[in-house]
There are 2 protein chains.
Amino acid sequence: MANWDDIRLFLELAREGSLSAAARRLKVDHSTVARRIATLERDLGLRLFDRLSRGYALTEEGDTLRTSAERMEQEAIALQRQASGRPALQGTVRINTTPMFASLFLTSRLVEFRRLHPDIRIALSGDQRLVNLNRREADIAIRLAKPSESGLIARRMGSVGFGLYASRRYLSTTRPRDYGFIGYDEALGHIAQQQWLEAQLRGRPIAFQCSDMTTMYHAACADMGVAVLPHFIGTTDPQLRRVAAETASADRDIWLMVHPDLRRAPRIRAVMDYLVALFERERNLLASGAAARPRRRALPS
Amino acid sequence: MANWDDIRLFLELAREGSLSAAARRLKVDHSTVARRIATLERDLGLRLFDRLSRGYALTEEGDTLRTSAERMEQEAIALQRQASGRPALQGTVRINTTPMFASLFLTSRLVEFRRLHPDIRIALSGDQRLVNLNRREADIAIRLAKPSESGLIARRMGSVGFGLYASRRYLSTTRPRDYGFIGYDEALGHIAQQQWLEAQLRGRPIAFQCSDMTTMYHAACADMGVAVLPHFIGTTDPQLRRVAAETASADRDIWLMVHPDLRRAPRIRAVMDYLVALFERERNLLASGAAARPRRRALPS
DNA sequence: CCATATCTGTGAATTTATGCGCAGGTTCTG
DNA sequence: CAGAACCTGCGCATAAATTCACAGATATGG
């Protein structure tokens with residue numbers, strides 16, 4: 001029977017797609033990962049990965065083994081949960097946040113949470129407006145403004161930095177003095193980023209208006225013009241490039257809010273703890289766009 | 001995340017109940033098992049085993065972790081099955097053998113097979129008479145006589161040795177010349193062991209007759225007298241002791257039979273392969289009662 | 001086109017894990 | 001009660017795995 005621990009490394013490498021990234025997460029040297037994968041392949045008698053120049057990609061056979069490995073991980077996690085004396089958490093936790101955070105930041109990162117707590121269902125609502133936590137319209141909210149509602153627990157979780165971004169194509173076909181901008185529509189003129197954007201215009205036009213930042217992002221990708229986007233989006237997407245601005249944009253604080261009655265509920269605690277750790281880990285990426293972990297490379301999945 | 005391979009050792013130790021026995025099965029040194037269990041306990045932050053003088057016994061906490069570990073093992077086995085390209089085997093395999101083999105030898109040892117192939121259901125019938133494999137009354141038969149049915153594949157799988165055994169209590173309260181014997185009833189006088197037994201009587205009576213060997217075994221345990229029993233039973237049960245005989249008992253060959261049409265069916269093959277390996281492993285125990293693996297100790301489960 | 005950052009691969013150095021032998025204890029047996 | 005056959009625990013030599021350090025390859029940005 002092969003070494004079970006090699007399967008753990010296999011899973012991590014399958015997820016990360018590169019020796020170095022997997023090694024970082026596993027806190028071992030990349031050569032260790034390479035060697036252990038090699039012995040696993042020898043034990044099982046088949047090639048699990050294609051060694052591409054840019055990383056390791058699962059072979060077809062490797063991909064079929066992945067699901068078994070993932071089920072194995074589920075049991076390992078269950079075992080450790082039992083060992084720590086915690087009962088299995090279950091229930092639904094509703095998270096309310098901005099459309100931008102919901103679709104471009106949280107969704108992909110909550111995959112790991114689902115693995116750790118398969119019995120907690122996450123309901124993620126991306127909504128422009130903050131729902132009323134006192135009326136239990138959501139359990140947890142992540143917002144860019146300090147709450148005005150009284151009686152909530154609010155915790156600051158770092159900040160998001162913004163900058164001007166446009167697609168490579170747009171920038172290579174347009175002179176700076178002809179730049180058109182992408183902004184919020186009139187109803188949202190009070191938003192900080194919008195006011196900052198207007199200061200950058202210097203007579204140039206707003207070419208496209210919309211009501212939320214994910215649309216701005218897609219508009220920018222579609223060569224529509226220059227948009228104010230969070231650094232974590234602008235630096236992560238290889239299509240986009242930053243445009244120099246006259247003044248630095250103001251950062252906005254990220255706030256996590258929860259109703260005090262719910263704060264101690266175990267499932268809520270589990271989500272909060274995870275979110276706090278997540279925002280801490282991604283602190284630099286959010287603030288300045290400097291990737292804590294390297295950006296995802298496009299590997300044939 | 002703890003080392004998954006330690007969990008594999010944990011499972012084996014939980015099953016075997018002693019460092020040395022687990023180490024033998026894992027093909028590592030017993031001190032390795034001890035150290036790895038110690039690190040697992042440290043990682044999980046709790047005591048998994050009670051260190052008794054006679055071995056390692058699961059603590060209550062350890063026992064709750066065992067089921068998770070077993071499910072993990074199921075997934076590991078599934079992964080390896082996929083890796084070897086074999087599809088998951090399923091279906092029922094009916095095994096026909098003597099009542100003695102069925103209840104006192106195979107049942108406990110087929111537990112491991114069930115682990116390896118959870119989708120194969122075993123139907124084990126212990127019957128005094130050999131069923132007709134040609135009529136598909138069973139898929140595989142394990143018998144002590146070479147088959148007379150034509151058209152069957154028969155394979156010799158070692159032999160069983162017999163000896164005289166009685167309970168300690170009986171032997172300590174009865175003089176040899178007063179020994180009463182336990183034998184087959186008249187209808188079964190043709191059986192080899194019965195004929196050998198009659199040669200040992202020297203005028204002493206047959207005190208109890210029955211029609212199969214498991215009953216003999218229970219009769220002997222109940223201080224009913226001296227019985228002809230296979231060594232693998234007599235030396236395994238601590239209640240029994242061997243009684244010297246004038247002549248050595250004849251060994252009987254063990255035959256595995258299967259219908260040639262079924263021989264290549266994957267599920268049948270899986271069972272046959274396992275049985276062949278099992279009988280090979282237990283060869284010495286069956287022939288002379290010398291335990292290949294040490295006898296099971298009674299640990300508080 | 002060069003500088004930078006991120007990969008993988010390889011051999012030497014070092015840390016870590018394993019096996020071995022023996023001591024000490026317990027249980028079973030004659 | 002002595003001997004055999006188990007068991008565990010510990011120190012030490014050695015084998016094995018891991019890290020370290022550096023080289024080469026490949027994209028990316030200015």
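Per chain, numbering begins at 1; letters A, B, ... match sequence-line order.
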### Query
With Phe105(B), which residues qualify under ring pair (Phe, Tyr, Trp, His ring centres under 6.0 Å), at least two apart?
Phe101(B), Phe232(B), Phe279(B)

Considering just the side-chain nitrogens and oxygens of [X], establish if one lies under 4.0 Å of OP1 or OP2 belonging to [N].
{"X": "Ser20(A)", "N": "dT6(C)", "result": "no"}
{"X": "Arg54(B)", "N": "dC28(C)", "result": "yes"}
{"X": "Arg242(A)", "N": "dG29(D)", "result": "no"}
{"X": "Arg241(B)", "N": "dG30(C)", "result": "yes"}

### Task
Specify the angle, to 10°, made by the local axes at the two ends of the helix from dC1(C)-dG30(D) to dG30(C)-dC1(D) when five pairs are taken at each end.
30°

### Query
Do any pairs count as a ring pair (Phe, Tyr, Trp, His ring centres under 6.0 Å) and have a residue in residues 33-52 of chain B, sequence neighbours left out, and if so which ones?
Phe10(B)-Phe49(B), Phe49(B)-Tyr56(B)

### Query
Using a cut-off of 4.0 Å between protein heavy atoms and nucleotide atoms, how would you tag nucleotides 9-22 of chain C 5' to 3' with B, S and -?
BB-------BBB--

### Task
Provide the full list of salt bridge (Lys or Arg N to Asp or Glu O under 4.0 Å) pairs with a residue in residues 216-242 of chain A, sequence neighbours left out, each pair given once.
Arg169(A)-Asp223(A)

Can you name the salt bridge (Lys or Arg N to Asp or Glu O under 4.0 Å) partners of [X], sequence neighbours left out?
{"X": "Arg168(A)", "answer": "none"}
{"X": "Arg202(A)", "answer": "Glu246(A)"}
{"X": "Asp6(A)", "answer": "Arg36(A)"}

### Nearest-Å distance for atom pair CG/P, residues Leu26(A) and dA17(D)
17 Å

### Query
Can you check the Arg168(A) CZ to dA27(D) C1' distance for me, whole Å?
12 Å

### Message
Going by the rule side-chain contact (heavy atoms from CB on, under 4.5 Å), which residues pair with Ser108(A) if we only count those two or more places apart in sequence or in a different chain?
### Response
none

### Donor-acceptor side-chain pairing of Thr59(A) and Glu61(A) below 3.5 angstrom
yes

